[in-house]
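I have placed the structure first, in the form of structure tokens, so that the comments after it can refer back to it.
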Amino acid sequence: MAAISGHCTFRSHQFPLSFTVPVASSSSFYGEALRSSSVSLASPPSVHRSLISCQASSAASPPSSSVNGTAKGGMKDFLHISDFDKATIMKILDRAAEVKAQLKSGDRSFAPFKGKTMAMIFAKPSMRTRVSFETGFFLLGGHAIYLGPDDIQMGKREETRDVARVLSRYNDIIMARVFGHQDILDLAKFSSVPVINGLTDYNHPCQIMADALTIIEHIGQLEGTKVVYVGDGNNIVHSWLLLASVVPFHFVCACPKGFEPDKETVEKAQKAGISKIEITNDPKEAVKGADIVYSDVWASMGQKEEAAHRRQVFQGFQVDEALMKIAGPKAYFMHCLPAERGVEVTDGVIEAPNSIVFPQAENRMHAQNAIMLHALGL
């Protein structure tokens with residue numbers, strides 16, 4: 001139990017097992033474990049992309065507090081997919097499909113967020129994240145407030161712990177899209193309302209929930225499918241790995257040497273023994289028999305100065321028509337967008353009949369609606 005600003009926040013943990021995470025580093029990641037502190041099994045290291053400077057809160061952690069699986073009066077944060085068990089993840093996805101069907105029918109009578117407000121913190125701008133959260137919350141009766149990079153300057157103009165406690169008193173839920181993963185952990189730690197991870201440099205759970213919903217819609221199920229990611233071992237890959245530690249499927253990441261995903265996250269997913277997980281440097285071998293071929297930009301926001309170098313290193317990792325032919329005629333193409341056409345994916349692949357990138361983008365809203373309903377206990 002952690003006493004915060006005169007009131008108590010009770011925190012429960014799905015996985016009580018604890019261990020000390022060492023500091024890890026690689027050529028493309030700097031794993032910032034909660035140094036010499038004990039973190040729950042569900043907690044991945046705080047990871048930053050190289051050459052990205054992120055302001056995290058300098059606040060000391062409240063004693064005996066942990067953010068994962070946090071219960072706040074029956075409400076929950078959504079920070080990592082692996083904070084939840086398979087039954088809960090599938091329940092959220094089922095709810096997403098139900099609410100999507102109702103909205104698609106034109107029925108606007110379902111308004112569970114009526115009278116509620118959501119604060120949306122954007123350290124990183126995004127079209128899809130803003131529009132999908134704001135529109136979804138509005139369609140279900142709520143009001144969303146956009147706070148851009150210059151509105152708060154969290155961790156610079158005001159400490160994260162203070163931002164969390166102030167916004168909690170005005171709003172029913174907080175969504176944040178930030179750089180440093182520690183920022184989302186600190187927001188959740190000090191907030192008395194649910195916090196939704198809209199993206200960090202470490203992971204992107206809402207995107208992968210939307211992806212899972214899209215796969216279920218087009219293939220009929222997620223379990224047992226083969227998902228092959230081709231490109232940089234980034235936050236998207238980390239989220240796929242965390243999902244693979246909960247739901248059984250075959251996940252392959254094909255990336256250039258030196259651009260592999262965080263080693264601890266890979267080991268954690270493999271040790272869970274739920275899914276078959278492979279990390280390879282051979283995209284042609286990786287995509288054989290794939291149900292899904294997935295790509296993302298080679299240089300994310302904050303890495304654009306590396307773009308020229310990455311284009312050289314990533315030669316052979318473009319998803320083009322030849323690679324999709326190796327995958328087979330039943331393979332779907334997915335991309336979290338925005339895409340750099342002609343770089344990580346050709347225009348022909350993204351516009352092909354088996355490309356499902358736009359249903360995937362739409363499902364951001366529906367998956368997030370279900371996540372927020374679950375977080376608020378509605």
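Positions are given from 1 along the sequence.
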Item to check | Summary of side chain to side chain donor-acceptor pair (under 3.5 Å) pairs that have at least one residue in residues 319-333, sequence neighbours excluded | outcome: Glu321-Thr346
We want to know whether [X] and [Y] form a side-chain donor-acceptor pair, criterion being a heavy-atom distance below 3.5 angstrom.
{"X": "Asn235", "Y": "Gln207", "value": "no"}
{"X": "Asp211", "Y": "Thr214", "value": "no"}
{"X": "Ser168", "Y": "Ser191", "value": "yes"}

When clusters are formed by joining ILVMFWY residues with side-chain heavy atoms under 4.5 Å apart, either directly or through shared neighbours, do [X] and [Y] land in the same one?
{"X": "Phe333", "Y": "Phe358", "value": "yes"}
{"X": "Leu140", "Y": "Leu378", "value": "yes"}
{"X": "Ile152", "Y": "Leu199", "value": "no"}
{"X": "Phe110", "Y": "Ile173", "value": "yes"}
{"X": "Val247", "Y": "Ile274", "value": "no"}

What is the minimum heavy-atom distance between [X] and [Y], and which atoms define it?
{"X": "Ala339", "Y": "Val297", "value": "CA-CG1, 4.5 Å"}
{"X": "Ala375", "Y": "Pro194", "value": "O-CG, 3.5 Å"}
{"X": "Gln318", "Y": "Gly342", "value": "NE2-O, 3.2 Å"}
{"X": "Leu337", "Y": "Val357", "value": "CD1-O, 4.3 Å"}
{"X": "Leu213", "Y": "Ala367", "value": "CD2-N, 4.3 Å"}
{"X": "Val246", "Y": "Ile81", "value": "CG2-O, 4.2 Å"}

Minimum side-chain heavy-atom gap [X]-[Y] below 4.5 Å:
{"X": "Phe314", "Y": "Cys255", "result": "no"}
{"X": "His335", "Y": "Val319", "result": "no"}
{"X": "Val293", "Y": "Met334", "result": "no"}
{"X": "Val266", "Y": "Val237", "result": "no"}
{"X": "Asp172", "Y": "Val193", "result": "no"}
{"X": "Asn281", "Y": "Pro256", "result": "no"}
{"X": "Val227", "Y": "Ile215", "result": "yes"}
{"X": "Met90", "Y": "Ile216", "result": "yes"}

Result of checking [options] against [X] for side chain to side chain donor-acceptor pair (under 3.5 Å):
{"X": "Arg364", "options": "His366, Glu362, Gln368", "result": "Gln368"}
{"X": "Tyr202", "options": "Asn234, Asn197, Thr265", "result": "Thr265"}
{"X": "Glu278", "options": "Gln270, Lys226, His250", "result": "His250"}

Next on the checklist: Are His238 and His181, when compared by the centres of their aromatic rings, separated by less than 6.0 Å?
Outcome noted: no
Checklist entry - Is it true that Phe78 and Phe84 have ring centroids separated by less than 6.0 Å? => result yes
Output yes when a side-chain donor or acceptor of [X] lies under 3.5 Å from a complementary backbone atom of [Y], and no otherwise.
{"X": "Thr280", "Y": "Asp282", "value": "yes"}
{"X": "Asn171", "Y": "Leu167", "value": "yes"}
{"X": "Glu98", "Y": "Ala96", "value": "no"}
{"X": "Asn203", "Y": "Pro205", "value": "no"}
{"X": "Asn354", "Y": "Ala331", "value": "yes"}
{"X": "Ser132", "Y": "Thr129", "value": "yes"}
{"X": "Arg161", "Y": "Lys189", "value": "no"}
{"X": "His80", "Y": "Ser82", "value": "no"}
{"X": "Ser239", "Y": "His204", "value": "yes"}

Item to check | Audit row: Ile196, Asp77, side chain to side chain contact (heavy atoms under 4.5 Å, CB included) steps and yes/no | outcome: CA-CA 6 Å; Ile196 308 297; Asp77 301 317; over 6 Å; no
Checklist entry - Is any side-chain N of the basic residue among Glu223 and Lys86 closer than 4.0 Å to the acidic one's carboxylate O? => result yes
Item to check | Ion pair Lys288/Glu285, N-O distance below 4.0 Å | outcome: yes
Next on the checklist: Is there a side chain to side chain contact (heavy atoms under 4.5 Å, CB included) between Arg165 and Asp162? Walk through the geometry before answering.
Outcome noted: CA-CA 5 Å; Arg165 286 181 282 191; Asp162 295 341; 3.5 Å; yes
How long is the straight-line distance from [atom2] of [Y] back to [atom1] of [X], given to the nearest 0.5 Å?
{"X": "Ile208", "Y": "Ile89", "atom1": "CD1", "atom2": "CD1", "result": "11.5 Å"}
{"X": "Thr160", "Y": "Ile121", "atom1": "OG1", "atom2": "CD1", "result": "8.5 Å"}
{"X": "Phe251", "Y": "Ser275", "atom1": "CZ", "atom2": "OG", "result": "10.0 Å"}
{"X": "Leu147", "Y": "Met175", "atom1": "CG", "atom2": "CE", "result": "9.5 Å"}

Checklist entry - Should Lys100 and Glu217 be marked as a salt bridge (Lys or Arg N to Asp or Glu O under 4.0 Å) after you check the CA-CA gap, both sets of side-chain angles, and the distance that decides it? => result CA-CA 12 Å; Lys100 176 180 179 178; Glu217 287 178 343; 2.8 Å; yes
Next on the checklist: Please list all pairs meeting ring-ring contact (aromatic ring centres under 6.0 Å, His included) that have one or both residues in residues 132-161, counting only residues at least two apart or in different chains.
Outcome noted: Phe113-Phe137, Phe122-Tyr146
Next on the checklist: One pair to check against side chain to side chain contact (heavy atoms under 4.5 Å, CB included): Val228 and Tyr294. What are the steps and the verdict?
Outcome noted: CA-CA 6 Å; Val228 180; Tyr294 197 115; over 6 Å; no
Item to check | Partner set under side-chain contact (heavy atoms from CB on, under 4.5 Å) for Asp107, not counting sequence neighbours | outcome: Gln102, Ser105, Ser109
Checklist outcome for this item: In Val178, Asp201, Thr200, the residue satisfying side chain to side chain contact (heavy atoms under 4.5 Å, CB included) with Asp183 is Val178
Next on the checklist: Run Arg341 and Asp347 through salt bridge (Lys or Arg N to Asp or Glu O under 4.0 Å) and show every step you take.
Outcome noted: CA-CA 5 Å; Arg341 296 176 184 234; Asp347 192 71; 2.6 Å; yes
Item to check | Verdict with reasoning, Arg310 to Asp232, per side chain to side chain contact (heavy atoms under 4.5 Å, CB included) | outcome: CA-CA 9 Å; Arg310 284 172 174 254; Asp232 183 28; 3.2 Å; yes
Checklist outcome for this item: When Glu344, Glu340, Glu306 are each screened for salt bridge (charged side-chain N to carboxylate O under 4.0 Å, His left out) with Arg311, the one that passes is Glu340
